[in-house]
J.: 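Take this structure, written in structure tokens, and hold onto it; I'll ask about it next.
Position 1 is the first residue of the sequence, and the numbers go up from there.
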Amino acid sequence: MVPPPAAKARDSTSTTFEFEPTPVQQNADSLSASFAGASTEPFPSEAAAILMAPVAEADIEIKPDGLIYLPEIKYRRILNKAFGPGGWALVPRGPHTASEKCLSREYALFCLGRFAAIARGEQDFFGGENALATASEGVKSNAMMRCCKDLGVASELWDPVFIRDFKARNCTQVWAANHMGNKKQLWRRNNRTLDSPWTESGTSSSSSSSSSSSSAGSKFKKY
């Protein structure tokens, strides 16, 4: 991977991209500046009700490997609804770090001017300046999702009991084939079709009978 001109090497496997410093980065040695307002008081009850509302099952997606998730735009909409546009912000707490195949960066979530959570986001990254902007946005969205866990947003997605039940009721594991003739088992929602280049070639014999067992719940959130 050829790093951007502003990058400096940390070791043989990772690179730190030095972008413009942020106020939080500049004051990282000051806890009062970095974590201003942390745990001083609960957020207003109206905001808390929005943040901790049961996740809308219609919004949940499932990856072909069986991992269920909420699209990142849903998290943004929930934060906007709870705090209003401009009432929350993700603040970078350092430069991007790039390993051989992954780009990451630490972000802090501030809501109503108060520190709420901190997390490091990550995104697959195979180098090249042309891919850096898209990967950076993925890193930010991943950090936002992880920060939202501390606020109770879509907490069901990390609950093994909910995962097994949701997949048993709403998802199916099917055999799929591509134009090369390769076959594998993939997951989809019951009311969806597989994305290209895969086409469904049959339902897995275990998809309906075992979807509420450990095989259906084997793909949990690992963040």
Side-chain angles (χ1 to χ4, degrees), residues 6-8 10-11 13-53 55 59 67-125 132-160 220-223:
K8 67 177 183 179
R10 299 178 72 186
D11 52 45
T13 59
S14 64
T15 299
T16 298
F17 296 102
E18 296 289 2
F19 298 130
E20 293 184 5
T22 65
V24 173
Q25 181 182 341
Q26 294 172 337
N27 296 299
D29 58 340
S30 171
L31 290 177
S32 60
S34 298
F35 302 98
S39 71
T40 53
E41 61 178 329
F43 286 115
S45 57
E46 296 82 359
I50 294 171
L51 296 170
M52 300 179 66
V55 64
D59 291 339
L67 182 69
I68 64 173
Y69 69 98
L70 200 63
E72 55 86 15
I73 190 61
K74 305 293 185 180
Y75 290 96
R76 283 182 164 87
R77 289 173 180 171
I78 292 172
L79 290 173
N80 280 334
K81 186 176 181 181
F83 303 112
W88 64 276
L90 277 173
V91 181
R93 290 180 50 85
H96 284 87
T97 299
S99 63
E100 184 177 355
K101 297 181 180 180
C102 181
L103 185 70
S104 69
R105 193 179 198 183
E106 189 174 75
Y107 283 86
L109 175 64
F110 283 79
C111 303
L112 302 182
R114 295 163 44 194
F115 172 86
I118 188 170
R120 176 169 287 272
E122 62 182 355
Q123 175 68 37
D124 292 341
F125 178 64
L132 185 59
T134 300
S136 297
E137 185 67 16
V139 169
K140 181 179 179 181
S141 294
N142 185 245
M144 177 183 61
M145 178 271 293
R146 293 178 174 182
C147 285
C148 281
K149 285 195 299 181
D150 287 356
L151 297 180
V153 178
S155 61
E156 297 93 330
L157 301 185
W158 286 267
D159 183 343
F220 298 153
K221 287 285 184 183
K222 302 179 179 63
Y223 317 123

J.: Is it the case that the side chain of R105 and the backbone of G121 share a donor-acceptor pair, with hydrogens and angles ignored and the cut-off at 3.5 Å?
T.: no

J.: If I take atom CE from residue M144 and atom CD1 from residue I73, how far apart are they, to the nearest 0.5 angstrom?
T.: 7.5 Å

J.: Any chance you could measure F83, atom CZ, to L109, atom CG, to the nearest 0.5 Å?
T.: 7.5 Å

J.: Donor-acceptor check, side chain of D124 to backbone of C102, threshold 3.5 angstrom: yes or no?
T.: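 Answer holds: no.
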
J.: Salt bridge between E122 and R146, side-chain N to carboxylate O under 4.0 Å?
T.: yes

J.: What closest approach, in Å, do C111 and A116 show between heavy atoms, and which atom pair accounts for it?
T.: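 It is SG-CB, 4.0 Å.
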
J.: Hey, what do you get for OH (Y75) to CG (L51), rounding to the nearest 0.5 Å?
T.: 12.5 Å

J.: Mind checking whether Y107 and V91 have side chains closer than 4.5 Å, heavy atoms only?
T.: no

J.: What are the two closest heavy atoms between E156 and A53, and how far apart are they?
T.: OE2-O, 4.4 Å

J.: Return the CG to SG distance between L151 and C147, rounded to the nearest 0.5 Å.
T.: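 So the gap between those two atoms works out to 8.0 Å.
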
J.: Closest approach of R93 and I118, non-hydrogen atoms and distance?
T.: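 So the two residues come closest at NE-CD1, 3.0 Å.
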
J.: CD1 of I50 to CG of L79: how many Å apart, nearest 0.5 Å?
T.: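 If we round to the nearest 0.5 Å, I50:CD1 and L79:CG are 10.5 Å apart.
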
J.: Heavy atoms, side chains only, cut-off 4.5 Å: are R120 and N142 in contact?
T.: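 In short, these two side chains do not touch, never coming nearer than 4.5 Å.
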
J.: Could you give the distance from SG (C148) to NZ (K74), rounded to the nearest 0.5 Å?
T.: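 It is 14.0 Å, given to the nearest 0.5 Å.
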
J.: With a 3.5 Å distance limit and no angle check, can you tell me whether Q123 reaches the backbone of S136 through a side-chain donor-acceptor pair?
T.: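 Checking the backbone N and O of S136 against the side chain of Q123, no donor-acceptor pair under 3.5 Å is found.
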
J.: Would you say N80 and R76 are linked by a side-chain donor-acceptor pair, where the criterion is simply a distance under 3.5 Å?
T.: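 Side-chain D/A pair, R76 to N80: absent.
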
J.: Do L132 and L103 make a side-chain contact, defined as non-hydrogen atoms from C-beta onward lying under 4.5 Å apart?
T.: yes

